[in-house]
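All remarks here apply to the structure that follows.
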Amino acid sequence: MPLSPPRRRGGVPKSGHADRLIWILRLGGRLVVTGWHPLTPGDPRLPERHRHSNWPAVLHAAGFTAVHCHARPAWTDTYQNIYRVALQLGDPGPDTALAGLQSEARRRLPTAHLLRRVAVTAVSG
């Protein structure tokens with residue numbers, strides 16, 4: 001018989017990653033996520049998945065407490081620099097990791113200046 005997490009908060013979790021996380025974390029468990037937030041919410045130049053990113057709101061709505069969002073310009077700058085260096089390295093040859101990073105860089109760099117990298121901490125309430 002397969003094991004399942006304890007049925008806390010009314011049983012099966014709702015759809016959505018935050019709802020699933022609070023369901024499997026024990027009460028008082030800490031969560032740290034990183035992600036991207038738009039500098040201007042709703043900016044139509046951003047891919048849909050980033051236009052309205054708001055991790056603190058998502059985690060609060062799922063029942064997390066002590067939610068804090070941290071952002072530092074250096075984090076965003078570092079990601080952009082990694083992408084630029086990857087592209088400057090040229091043909092990746094058989095290096096599939098570099099090829100993947102270059103592909104990601106080509107997709108992300110055109111809108112990277114419209115986002116900020118964030119780290120969000122929360123406690124399972």
Side-chain angles (χ1 to χ4, degrees):
M1 170 179 241
L3 297 176
S4 59
R7 292 190 171 265
R8 172 165 85 99
R9 293 180 181 77
V12 179
K14 299 174 194 170
S15 64
H17 298 294
D19 291 326
R20 292 186 201 300
L21 289 170
I22 199 161
W23 190 66
I24 61 172
L25 280 176
R26 67 183 159 163
L27 208 53
R30 294 188 52 86
L31 174 72
V32 178
V33 295
T34 61
W36 297 96
H37 279 186
L39 294 175
T40 304
D43 190 330
R45 297 173 292 174
L46 289 169
E48 183 63 35
R49 72 181 182 278
H50 291 306
R51 284 185 195 159
H52 300 285
S53 295
N54 186 336
W55 278 103
V58 168
L59 295 175
H60 276 296
F64 282 90
T65 62
V67 178
H68 300 284
C69 185
H70 311 275
R72 291 187 176 78
W75 294 344
T76 302
D77 294 343
T78 298
Y79 269 87
Q80 290 181 22
N81 288 334
I82 290 169
Y83 291 151
R84 287 186 190 101
V85 168
L87 293 174
Q88 289 169 358
L89 291 173
D91 181 10
D95 187 338
T96 57
L98 179 57
L101 183 58
Q102 288 176 337
S103 176
E104 181 179 333
R106 286 185 197 96
R107 284 191 321 272
R108 296 224 175 200
L109 271 176
T111 58
H113 66 286
L114 305 173
L115 296 165
R116 65 187 172 110
R117 189 72 175 169
V118 297
V120 183
T121 59
V123 175
S124 173

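Considering all non-hydrogen atoms of both residues, Gln80 and His113 come closest at NE2-N, 3.9 Å. Residue Ser53 comes nearest to Pro38 through the heavy atom pair O-CD, 3.5 Å, listed as atom of the first residue, atom of the second, then distance. The heavy-atom pair separating Leu115 from Thr76 by the smallest distance is O-CG2, 3.7 Å. Between Ala105 and Pro110, the shortest heavy-atom contact is O-CD, 4.1 Å. Nearest approach of His70 to Trp75, heavy atoms of both residues: O-CZ3, 3.2 Å.
Using modelled atom types, one finds a donor on one side chain and an acceptor on the other under 3.5 Å when comparing Arg107 with Ser103.
Hydrophobic cluster membership is shared by Tyr83 and Leu87, with clusters built from Ile, Leu, Val, Met, Phe, Trp and Tyr side chains linked at under 4.5 angstrom. In the hydrophobic clustering of this structure, Trp36 groups with Leu114; members are Ile, Leu, Val, Met, Phe, Trp, Tyr whose side-chain heavy atoms approach within less than 4.5 Å, directly or through other members.
Rounded to the nearest 0.5 angstrom, Asp77 CG and Arg116 CZ are separated by 13.5 Å. Here the CZ atom belonging to Arg30 is positioned 5.5 Å from the OG1 atom belonging to Thr121, to the nearest 0.5 angstrom. A distance of 10.5 Å separates CZ in Arg117 from NE2 in His37, rounded to the nearest 0.5 Å. We find the NE2-CG distance between His68 and Leu59 to be 11.5 Å, quoted to the nearest 0.5 Å. Atom CG of Leu39 sits about 12.0 Å away from atom NE2 of His50, to the nearest 0.5 Å. How far CD1 of Ile82 is from CG of Leu109: 11.0 Å, rounded to the nearest 0.5 Å.
In summary, of the residues considered (Val120, Leu25, Val123, Val67), a side chain to side chain contact (heavy atoms under 4.5 Å, CB included) with Leu31 occurs for Leu25 alone.
A side-chain donor-acceptor contact under 3.5 Å links Gln102 to the backbone of Gly90.
The number of heavy atoms from other shown groups lying within 6.0 Å of CH2 (Trp55) does not exceed 12.
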